[in-house]
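Letters A, B, ... are given to chains in the order of the sequence lines, protein chains preceding strands, and every chain is numbered from 1.
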Amino acid sequence: MLNYSVKRLGLAVIIVSVVMLLLFTMIYLIPGDPAAVALGPRATDAMREALRVKMGLDQPIWIQFWNFFINAWQGDLGNEVLSDRPVTDVVLEQLPFTLALIAGGMIWSIALGIPLGCWTAIQPGGIVDRIIGILSVGVIAVPSFVIAIYALLIFAVSLRWLPAIGAGDSGDIIDQIIHLILPSLAVGLGWVGYLARLVRASMLEVLEASHIRTARAFGLPERLITYRYALTIAILPTVTLLGVGIGQMLSSAVFAEIVFARPGVGKLVYDAILTRNYPLVSGAVLVTTVLFIAINLIADLVVGVLDPRVRSRL
Amino acid sequence: MNILEIQNLNVTFDTEDGQLRALRDVSFNVPEHRIVGIVGESGCGKSTLINSILGLLADNGQVEKGKILFEGQNLTELNSSQLRELRGVRISTVFQDPMGALNPVISVGTQMLHIQYRSSLSKSEKLDNAAEMLRRVRIPDRESALTRYPHEFSGGMKQRIAIAMAMMMEPALLIADEPTTALDATLEVATIELLQDLQQQIGCSVLFISHHLGVIAELCDDVVVMYAGEVVERGTTRQIFYRPMHPYTERLLQCDPAGQSERTRHLPTIPGEIPDLRLRTPGCIFAARCHCREDICDSTPPEVEIEGQSARCHRLVA
Amino acid sequence: GAFGAATMVVPRFALSQDGSVLTVRSYSDLQVLDPTFRLSLPEDDIIRSIFAPLVIPQAGDVWGWKPIAAQSIEQLDDVTIAFTLKDNIGFTDGYGQMTAEDVKFSIERFADPAMESPYAGDWSALKEVEVKDKLSGLIHLNQKFVPLWSTTLPTPASCILSKRAMEELGDKITTKPVAQSGQYLLAEWQPKQKTVLKRNPDWAHEQGGFDEIHIIPIEDPATAERGFEAGDLDYTWTSVASIPRLKSNPPPNSVVLEKPSLAYVWIGMNQDVAPFDNINIRRAVQHAIDRKGVVDAAYFGAASVGNGIIAPGLPGSRDSVTYDYDPDKARDLLKQEGATNLSVTLDILNQTDRLTAAQVIQANLADVGISCEIKQNDSGTFWTLGSKDGDYWNKLQIYLQRYSMQPDPSWATVWFTPEQVGVWNWERVNNAEYKALHDQGLGESDFGKRDEIYKKMQGLMDESGCYVFLTHEVVGAIHRDTIQPGLKPNGESLFSEFKSA
Amino acid sequence: MSEAVSKLYKALRRILAEPMGAFGVALVVLMVFGAVFADILATAEPSDISPRDRFQGPSITHLLGTDHLGRDLFSRVLHGGRIALSVALFSIAASLVIGVVLGLIAGYGPRWLDNLMILVFDALKSFPTVMLALALVTLFGPSLTAVVVVVILVNVPGYARIIRTQTLALKSAQFVSAAQSMGAGTTRILRAHILPNVIGPLLILASMDIPVVIAIEAGMSFLGLGVRPPTPSWGAILNDGFAAIRDTPWIAVAGGLPIIVTTLGFTFLGETLRDVFDPRLKVR
Amino acid sequence: MILSINNVEVTFRVGPWFNRQPILGVAGVSFDVAPGETFALVGESGSGKTTLANAINGLQSISNGDVTFLGERIDTTSQRNMKPLRQQMAMMFQDPVGSLSPRMRVGDLVAEPFHIHKIKANIKEETERLLSLVGLSGDFANRYPHQLSGGQARRVGVARAIALNPKLIIADEPTAGLDVSVQGEVLNLLNDLRERMDLAMIIITHNLHVVHHVADRMAVMYLGRIVELGETESMFRAPAHPYTAALLSANPEPDPDKAKERISLPAEVPSLLARPSGCEFHTRCPWVQSRCKSDQPFANGEVRNIACHYPLSPGDKLPVKQSSI
Ligand SMILES: Nc1ncnc2c1ncn2[C@@H]1O[C@H](COP(=O)(O)OP(=O)(O)OP(=O)(O)O)[C@@H](O)[C@H]1O
Ligand SMILES: Nc1ncnc2c1ncn2[C@@H]1O[C@H](COP(=O)(O)OP(=O)(O)OP(=O)(O)O)[C@@H](O)[C@H]1O
Ligand SMILES: [Mg+2]
Ligand SMILES: [Mg+2]
């Protein structure tokens, strides 16, 4: 298992390199001048030029890429253009918020999606199945910001049960969790539908398997059969997909972060791209890529834990 | 005393192009402490039969009429929780594909624990039970075997684990559906001997399905011969093998290459095809392929019983 | 019932209700705390609070200033300003008392060309600062510089840093400031989340209204409005589009404000690129645009039409432009030039109000037979469109533009001078007379004369045909009725001037 | 030809026989009909502005109300359907084709190629969409093409991965070995034996991706990178609705409703299609 | 000789990537098959029979040895040259339903060989001819594999195998799971074809009765090696290798009263990862002697090819376990 992780990490290094290469190609393509953005309207040409030299923007793109790369390996992602703070600090202080948001979204989608999927799979074609089917596809189809806004208007503005903005007091876990409820719902609700559909489909398949019939033949209680014998297997493809889905959640996180005025990496990257704050973009993308890979790795390891057939292969 | 009595059991499947009558007026008994074998053409409804006994028919199948009396209780009238109380405790099953019968993601020990969920024993006692059962089916290194997962065992071992699980609750009836198809002769024999041993130790009855007439002959006390959803003949093993009454049984035994003393390249067969189960033809079900077919065979044949051996054939009346 | 609901709400009001904490929204997070290199308005406010400036703008409806670090400050003649510091202003972290030496250091540092401050122009007229004694000194200028009192001194350009601290720390102010001296101290900064200012215990002079000021960076005004309505904020700017709704239906216990803005919005045409290299076509566009219609649509009736780059209240502000909305005339001009099937690209920034305005403009132009394609640009792209460093400036035709503004007309006119061609002067009007007038305006202190100069300059702009002036926008703000906000006339906040009501 | 028609007819009948299938077909037909006959059905010119009539609620004259420029939302939704449906269908179809081909190659090809492709897929997936969009727009200009390419780049890695996993599983299936033993070449195996068995689940996933496409379109319009105004598109309507959601919720409803309806329609159609064309599920 | 295989080895790599271990699935197997001959492979499950069949067909690359079919080396030919050879060699797979593509109809499945080899023929007619040849009526052409019973699926497999008149058929467990009558039908069908077309056959099966009747020669495999090979009749009469003897003695007879004399073997089969030293059968052999534990016996290379240090001779007394009912 450990060695498997090591191998995956090796692969991750290559992926990260590829991502960075892509990124630099795009930076090269996209118009806009980081120096001009950084210095504002009153700067002179000479000043802009000087900053460009300082940022290494005057050099050919491949040299910039190489420099970034070499430095990144030494843990130095450079300093961001505007405040000149180390990119590593900037990204790492935002990361926990995004992680919390995505974790919250996952919790919503797992806590609601999986039971719904199971429930509908037990009696396919029944009324419950149909209604939940329509609801879950509906939930997939509603854009997440619409959900976010309405949740906010109802629970924060009208009822005032929950806060509307921010991530909560930094020292107060309860406060932070309260602040997380609405944004994570906005991020996770679409996935509730997705998971419900997926779990339903794979449950239907697993419930046909002969070991389930054997379990029934031994008179095991239906609950045990559904949740222990069938679900542990039906969940496997879902786990892989959830790992992949993190990427998607990262992009919907931007919306939630804007609408709920939460700090976070999604918005950080978004802002950095729009302000052409390229050191920050590269650094943040690097970190999120590593994160993405790590989460996929974890997903695979979770599959390994759940599935001994895979575990022995890891 | 019969542990299981099946009386006039009819089972149908709803399909796209009409109703399929998988079992028709099936009747036979499984007496206490005996091993009853079922043989018959593939697709004749053997697996359907045991699924109806267990109440595990596919969604599109239903018991039309008939009774399944187990220890005097009619299983077709029980609700699912009452049935569940019997399954695993009084009736245990080894399915056609024992390799796929174990849950791949739960350790063997845990699965054996789950089966004993009704018992009030402590967890360690249950585990002891499980280990003892593995010993009986001759799984080496059984303590660690309990913590291992199905894929870590060879096919033969999985098969024996499946049998151990079936025997663990010391059921009154063990059902085994072609448990030895994929095994070579040595393992097949070992499995049969194991079943016999256990049957004697526990004192249960066994319902055993196989295509291998040699295995049936060796293992079973009684034999039920099925054809196209009907029981055409039943009797003791000796009666069936030495003095078959129904033409189908007769032909089936003749077809076994093992019965051919002379080496021949051309093996005997029963010409013709299994009738379409969707079309109900009056008369003898085997008539179309029967070598001694007469006009009277177009009417429903009577059930004739001679010395406990019974068959459905007009020929026997004469 | 009601009581239960109230207790649910109360804890989240508690901070504001005891009057000691003010929670406000800023539209961006702080990035640089060095007055010399500051980037945004919210930073100005923080910088002014923690590094005591000589003067700050005065709160209220008229532009003016009031002293903070200065005990007294006055203009002795055209090129000399005398100042005396208040006694007893100290720097934190053990950097001692603030002296005239620190003033000299700070202002000369600001003006030093080697520093390459983007704001060096604020002190472009500075000759030197002369230290007279511990607390007083003279600021000497090279030439008369009128904007000094409106856009130099009342900005962070007059903030005083500790000379010793700056020298010891390598002339660098990070986001963790050292040697603070203001009414407030930066107590905590949680990036993108919250900035906390706390009262400076050593500040012995006029006090700010709140013990703590929490500044929450929220970029999207709609988000901020919802935050306010949910009770998470005490004061925020609103989007212009929300003003009508908030005014007609204000949230309970709150006050909606509407302030004139200084910013100016116009349609620009690049006179070096076809078809706008033809003055008659530019004129046709001037006549084709229904300015009132565009402004009304874009701001939902909240803003009124503006007539130039200088907002009402400042010298040079105009009541009208020299062209009127006359589609027939526009069509005639186009016909006369034989430009029947014109199709042009309108570049805009990707913001809702701009897009709305652009679609009305599009309809106006279509009305006179010019088909117009709207090209939205993200901010990073948009701000480089007319720059001579890129290649788009030779394609740029017509665009919707907005510049923000300080309370002096020269801040507006400076962007349209010949040396700004290809920098911020995207219309590329290269007019020597205009430049001369601009320079003249910087040295003229008489309000009437300045008014005339700047009106004339805008007249030149009208004449070039390159501009269709749209509006100065408005600023909307909303605050709890428990507080009394301290705002500049254009609605920008002055944290230390907020009081509880 | 007539055989194909009768096959199609049979398939349609089977789909309509399933309640979910009939429901799906009805919704899809509704949306397609609206888009195709937008010119006839629309009650107003979709891009005629009239600021005086802005923010009107739904009424007889404006069935779905008006937006911030006083444009008739009903007409805009109808006309926007053309873009939404064609972009969604085209880009999803293109992603499917590319994803399937790449997935088959990755799953069936040599190990190193598989690793390489997985690497590129993962790299693409962990990449910020905004960045992709910006770069592509500088290449293509803000246009439908850019939207389509972004959608393809966003979707292909996921599709390809799913196909790849299943292909890997089927690669060692006995019927594939059987085809190989008869001398079947790689293309034949992929086309005739593997593809039909892997495409079903993917179709359903893809039909659930319609809102994703529209969300991407909306996101790009938000950045000004999508369809050029005043062309109506559901994404643009959604954005307008988002800006005005407090006062005039019906704009977001007008933008969101067709997306929900379309997704529901295609998803149920997709699921029924899968079931109807899966020979193993026929006994029912 | 139509097929000759010489010292074929198949290596699998198992275990995690950092600790891959080679195992020999087939460990040096040699035999020839003559035209028209039926050759049977029997042995323990997991002894490498299917793997060997795959190696012969080129589905499984071999790590050593050579396979020559119709004078061409299968193991080294390119994919392209392989194609015409495969036209001459047909496989029937162990799992009858699993080897049929689940989404193709029977008609298309039977016609597939024609499409693959681009043979111009009236495909519809050919399909019907083939289906009737294997005893399936024309309306089966429209069915999907899952709608067939095991026996019918087998027949479709046979139809595909004989479609292009091959010279060799390799049938992997063609009768498993079938009742004796259907089993007879399948075997008779193959036998008819063999007689008509001079077809050579390799039959892999657990059913020793079948082997006894249809095979001319047979080979017994154990742990990837052939332990004994010879004429079927003589081997049944007098098995020489202890494993053969045990296997044949185990064969259940359909006679309830017949007393069985069985050689019982310890149940545990050694793992391929840890092959026993010396004679690999010594861990289970009832006659094991000290030499067996150290020296590996090699096939003696005679017509009756035996790999045993102490082969049994017909008169030897067997250490039997009486089992009767
Ligand atoms: N769910 C079902 N729906 C429709 N028909 C079914 C279903 N299950 C079984 N059948 C049909 O019922 C008949 C009996 O099937 P069953 O599986 O009981 O046969 P079997 O005797 O066990 O055969 P084998 O020896 O091959 O296992 C077959 O014709 C089969 O096609
Ligand atoms: N792809 C593979 N990777 C690793 N080991 C394999 C692989 N395929 C087969 N083996 C191993 O090689 C040995 C021979 O397998 P094979 O399938 O040839 O046996 P067999 O004689 O056909 O058995 P059966 O009678 O059960 O079909 C077995 O131990 C099996 O586990
Ligand atoms: Mg069966
Ligand atoms: Mg095999």
- When E/His115, E/Met89, E/Met92 are compared by non-hydrogen pairs under 4.5 Å with chain D, the top option: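 The option with the most such pairs is E/His115.
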- Item | Top contributor to chain D interface from E/Gln87, E/Arg160, E/Met82 [non-hydrogen pairs under 4.5 Å] |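 With the most close heavy-atom pairs to chain D, the winner is E/Arg160.
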- Item | D/Gln180 and its side-chain contact (heavy atoms from CB on, under 4.5 Å) partner, picked from E/Ile116, E/Asn54, E/Leu59 |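 Running side-chain contact (heavy atoms from CB on, under 4.5 Å) over E/Ile116, E/Asn54, E/Leu59 with D/Gln180 returns exactly one hit, E/Leu59.
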Which atom names give the shortest non-hydrogen contact between [X] and [Y], and what distance separates them?
X	Y	value
D/Pro196	E/Arg103	O-CD, 3.0 Å
D/Met182	E/Pro113	SD-CG, 3.7 Å
D/Ala178	E/Ser99	CB-O, 3.5 Å

- Would you give the length of the straight line joining atom CG of E/Asn57 to atom OG of D/Ser181, rounded to the nearest 0.5 angstrom?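 Rounded to the nearest 0.5 Å, the CG-OG separation comes to 5.0 Å.
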- Rounded to the nearest 0.5 Å, how far does CD of D/Gln174 lie from CG of E/Asp172?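 So the CG of E/Asp172 and the CD of D/Gln174 are separated by 7.5 Å.
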Are more than 12 heavy atoms, taken from residues, nucleotides or ligands other than [X], located less than 6.0 Å from that residue's [atom1] atom?
X	atom1	value
E/Phe114	CZ	yes
E/Lys124	NZ	no
D/Arg13	CZ	no

- Query: Can you name the residues that form a side chain to side chain donor-acceptor pair (under 3.5 Å) with E/Thr11, not counting sequence neighbours?
  - Reply: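 Testing E/Thr11 for side chain to side chain donor-acceptor pair (under 3.5 Å), a comparison that skips the adjacent residues, returns E/Ser63.
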- Sequence neighbours excluded, which residues qualify as side chain to side chain donor-acceptor pair (under 3.5 Å) partners of E/Thr38?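 Testing E/Thr38 for side chain to side chain donor-acceptor pair (under 3.5 Å), a comparison that skips the adjacent residues, returns B/Arg265.
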- D/His193 side-chain N/O to E/Met104 backbone N/O, donor-acceptor pair under 3.5 Å: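 Between the backbone of E/Met104 and the side chain of D/His193 there is no qualifying donor-acceptor contact (under 3.5 Å).
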